[in-house]
Amino acid sequence: MKPLLLFVLIALSCSYCSDSVDDEQVCYSFDLRQCNGDPWNSDVTRPFEPSELVTLLSDYLNDNAVPTNRVTVDMTFHRFVCEACVVCPEGPRFYVELNASDTTTLINLDLLNTAPAECDLLIN
């Protein structure tokens with residue numbers, strides 16, 4: 001009986017640990033591709049409005065199984081950029097806050113320059 005109780009306690013503690021990791025909030029940044037090269041903004045006309053970009057990106061991420069807690073954009077992050085379509089960034093850089101468990105799905109979307117970011121970089 002005691003070995004069974006010990007096994008149950010260990011199993012419960014392991015499941016508690018994995019659940020808490022899934023609930024951990026992480027932040028990532030990525031850039032807007034030139035020439036409307038991202039699938040989520042191919043119909044956006046210039047000039048870009050920050051609120052429009054945030055809404056389009058949030059909708060795209062949610063539609064692709066990446067629910068976000070916060071999405072922000074720094075419209076002037078890149079002051080100088082190359083001029084090749086799809087491989088070079090525009091001026092904006094995006095920051096997203098999401099559950100750690102959704103990180104792989106975000107990375108698989110192949111957004112430009114996706115990288116971990118400090119969550120205090122998210123502008124309100």
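All values derive from a computational prediction rather than experimental measurement. Quick note: numbers below take in every heavy atom, side chains included, and nothing from hydrogens, waters or symmetry partners.
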Non-hydrogen atoms of Asn62 and Thr68 that approach each other most closely: OD1-N, 3.8 Å
Test item: Asp102 and Pro67 side chains (from C-beta on) under 4.5 Å apart, heavy atoms: yes
Within-4.5 Å side-chain heavy-atom neighbours: Leu112 and Phe30: no
Closest non-hydrogen atom pair, Pro92 against His78: O-CD2, 4.1 Å
Smallest separation among heavy atoms of Leu53 and Trp40, with atom names: O-CZ3, 3.7 Å
Leu111 vs Leu106 side-chain heavy atoms within contact, under 4.5 Å: yes
Atom of Thr105, atom of Ala65 and distance for their closest heavy-atom approach: CG2-O, 3.8 Å
Gap between atom CZ of Arg70 and atom OG of Ser58 - 0.5 Å precision: 12.0 Å
Gap separating the CD atom of Glu97 from the CG atom of Leu122, nearest 0.5 angstrom: 6.0 Å
Side chains of Cys27 and Leu121 in contact at under 4.5 Å (non-hydrogen atoms): no
Nearest-0.5 Å distance that lies between atom OG1 in Thr103 and atom OH in Tyr28: 4.0 Å
Closest non-hydrogen atom pair, Pro50 against Met75: CG-CG, 3.6 Å
For Arg33, the option from Asp38, Asn113, Asn41 that meets side-chain hydrogen bond (donor to acceptor under 3.5 Å, both in side chains): Asp38
Val81-Val73 co-clustered via ILVMFWY side chain contacts under 4.5 Å: no
Donor-acceptor contact below 3.5 Å, side chain Gln34 vs main chain Val86: no
Test item: Pro39 and Tyr60 side chains (from C-beta on) under 4.5 Å apart, heavy atoms: yes
Heavy-atom donor-acceptor pair, Thr55 side chain to Glu52 backbone, under 3.5 Å: no
Nearest heavy atoms of Val54 and Val71, plus distance in Å: CG1-O, 3.7 Å
Intermediate values then yes/no, side-chain contact (heavy atoms from CB on, under 4.5 Å), Leu109 and Thr114: CA-CA 9 Å; Leu109 292 177; Thr114 303; over 6 Å; no
